[in-house]
Amino acid sequence: MKSNSIDTFFLLTRAGLYGRTEGIEDFMPEGVDWAEVYHLAKEQKELGLVADGIETIRAEWLKTHDTLPIPRQWVVEFAHTSLRLEQRNHNMNRFIEQLFGRLQKNGIHALLLKGQGIAQCYQDPFRRAIGDVDLLLSEEDYWKAKDYLRQFASSSKEGKEYKKECAVVIANWKVEMHGSLRCGFSSRSDREFDKVYRNTFKGGSSRSWKNGEVQVPLLRKEDDVLYVFVHFLNHFYKGGVGIRQICDWSRLLWTFWDSLDLSLLEARLKKMKLMTAWKAFGMFAVEYLGMPKEAMPFYREEEKWKRKAQRICAFILMTGNMGSNRKVKADSVLSKKIVLSRQRFRDLANHFTIFPLDSLRFFPSILRNGLRLK
């Protein structure tokens, strides 16, 4: 993919995320391959965000120019795609309203993880690409919810017992139930999330989102920021992460940047040994996604963090959203395990150049997950 196509994609992403328009003249030269820009936005699940960026850039560009440097056919293509995405978001919100309404009427208390809760932190929540519906439940409600929701499900699948996971499909929407916050990334992080989990269901503070006629509970902001970060870091080490996940994290931070308990956040990151990764991905969010420096906790303006951010970017573009550019083809479960394990070793060699100590520290759990399959 041409470098100017990649530069243009990030320019539009920054404009869509934060309304940033710096560098229009430099990063939108003639000869941009708009099919490549569209492909990259689609691959990274950022079509709606890039469409937002086009609208922002268009308004700024036409202040000093007569014509827009984006072919009309691509303006129309992005607009049509974003309209379809908006409708999907409306449909999902209605489903979540009905789902939580039914759960609450049956005495089942659930929190919504990630997804549409984080979408409320975007400038336009309906332009964020949708995913699954993730529910966090207490141990008692986890079993009650499984029994209750299976009545309406067209299919059901048990996840890892260690994480307490179960997925069902209801009206073509995938609902994942979680009886813990464990990512399986490291024992340190899982122990810390076990504390967060216990505090959440023992009178701990939380926030909520008013969705239609229903209040949808969410993790409190400090817990959410940490969970989203470790969740995408887990994917980064175990197959690939998408730019959308990092956008979620940066918008969450931007929304609450002046009210976060930074001492609590810092203490948790140090316990998990994740401060280095935080600073590197923080630089990525600032350099590539347009995150304002003042809103990124523990940001450091040093060249070493910029180099790490560049390598993170190269890995994401190479592997695609959540590793979508390298589908595993194998004839059996055993051969798939072998292929995935080899892939993990190659990734660890790459990540060692970015996070040498962390890669060694997390190697055992990463290898175990590779052998068990995700």
Side-chain angles (χ1 to χ4, degrees), residues 1-3 5-7 9-10 13 36 39-41 43-46 183-189 228-250 269 272-289 291 296 298-300 302-330 335-374:
M1 187 171 290
K2 297 175 184 175
S3 61
S5 298
I6 296 171
D7 290 339
F9 165 75
F10 279 116
T13 298
E36 286 189 344
H39 171 78
L40 185 53
E43 175 189 283
Q44 292 294 333
K45 307 296 184 184
E46 294 288 17
C183 293
F185 178 61
S186 73
S187 57
R188 287 176 180 271
S189 63
V228 170
F229 172 69
V230 177
H231 188 267
F232 78 65
L233 187 62
N234 183 52
H235 282 291
F236 175 76
Y237 272 97
K238 298 177 183 177
V241 68
I243 291 172
R244 188 194 70 172
Q245 285 70 36
I246 307 175
C247 287
D248 282 353
W249 177 60
S250 61
L269 287 170
M272 295 180 177
K273 304 291 186 182
L274 294 179
M275 186 58 82
T276 297
W278 178 284
K279 290 179 180 178
F281 278 95
M283 180 61 78
F284 176 87
V286 169
E287 288 288 298
Y288 292 91
L289 306 181
M291 174 81 167
M296 176 53 68
F298 322 120
Y299 175 80
R300 293 293 181 271
E302 298 174 18
E303 280 301 315
K304 70 174 183 177
W305 301 116
K306 291 184 179 181
R307 289 194 297 270
K308 291 179 187 296
Q310 289 173 350
R311 290 169 181 159
I312 288 170
C313 185
F315 179 75
I316 292 173
L317 294 177
M318 177 187 71
T319 57
N321 179 58
M322 309 298 281
S324 60
N325 287 349
R326 48 183 193 182
K327 297 294 185 182
V328 175
K329 295 181 179 180
S335 59
K336 186 175 183 180
K337 286 182 178 181
I338 293 171
V339 171
L340 283 173
S341 296
R342 288 174 177 171
Q343 183 176 290
R344 296 278 166 82
F345 275 109
R346 288 195 297 270
D347 287 350
L348 278 169
N350 174 75
H351 297 345
F352 186 82
T353 67
I354 311 173
F355 307 117
L357 292 179
D358 289 352
S359 296
L360 291 174
R361 182 180 294 120
F362 303 132
F363 174 79
S365 64
I366 291 167
L367 182 59
R368 281 197 303 271
N369 276 271
L371 294 173
R372 292 172 183 168
L373 296 180
K374 288 196 300 177

Side-chain heavy-atom pair Leu357, Thr276 within 4.5 angstrom cut-off: no

To the closest 0.5 Å, what do you measure between NZ (Lys306) and CD (Glu287)? 5.0 Å

Gap separating the OH atom of Tyr237 from the CZ atom of Phe362, nearest 0.5 angstrom: 6.5 Å

Under 3.5 Å, side chain of Ser324 to main-chain N/O of Asn321, donor-acceptor pair present? yes

Value rounded to 0.5 Å, distance of CD1 in Ile6 from CD in Glu36: 8.0 Å

Only counting residues at least two apart or in another chain, list the ones meeting side chain to side chain contact (heavy atoms under 4.5 Å, CB included) with Ala309. Met283, Phe284, Tyr288

Is Met272 close to Val230 at the side-chain level, that is, under 4.5 Å between some pair of heavy atoms? yes

How far does OG of Ser189 sit from CG of Leu269, to the nearest 0.5 angstrom? 11.0 Å

For a 4.5 angstrom cut-off between non-hydrogen side-chain atoms, does Phe352 reach Leu348? no

Taken in chain and number order and not counting sequence neighbours, the residues that satisfy ring-ring contact (aromatic ring centres under 6.0 Å, His included) with Phe232 are Phe229, Trp249, Phe281

Any chance NZ of Lys45 has more than 12 other-residue heavy atoms, nucleotides or ligands included, within less than 6.0 Å? no

Show me the side-chain donor-acceptor pairs of residues 311-320 shorter than 3.5 Å, one per line, residues at least two apart or across chains.
unit_1, atom_1, unit_2, atom_2, d
Arg311, NH1, Thr353, O, 2.9
Thr319, OG1, Phe315, O, 2.8

Counting C-beta onward and ignoring hydrogens, is there a side-chain heavy-atom pair between His235 and Gln245 closer than 4.5 Å? no

Side chains of Cys247 and Leu289: closer than 4.5 Å at any heavy-atom pair? yes

Report the distance from atom CH2 of Trp305 to atom NZ of Lys279, rounding to the nearest 0.5 Å. 5.5 Å

Can a donor-acceptor pair be found, under 3.5 Å and without considering hydrogens, that links the side chain of Gln44 to the backbone of Ala41? no

Is the distance between the ring centroids of Phe236 and His351 under 6.0 Å? yes

Test Phe9 against Glu43 for side-chain contact (heavy atoms from CB on, under 4.5 Å), laying out the working first. CA-CA 12 Å; Phe9 165 75; Glu43 175 189 283; over 6 Å; no

From Arg244 CZ over to Thr13 OG1, what is the distance, rounded to the nearest 0.5 angstrom? 13.5 Å

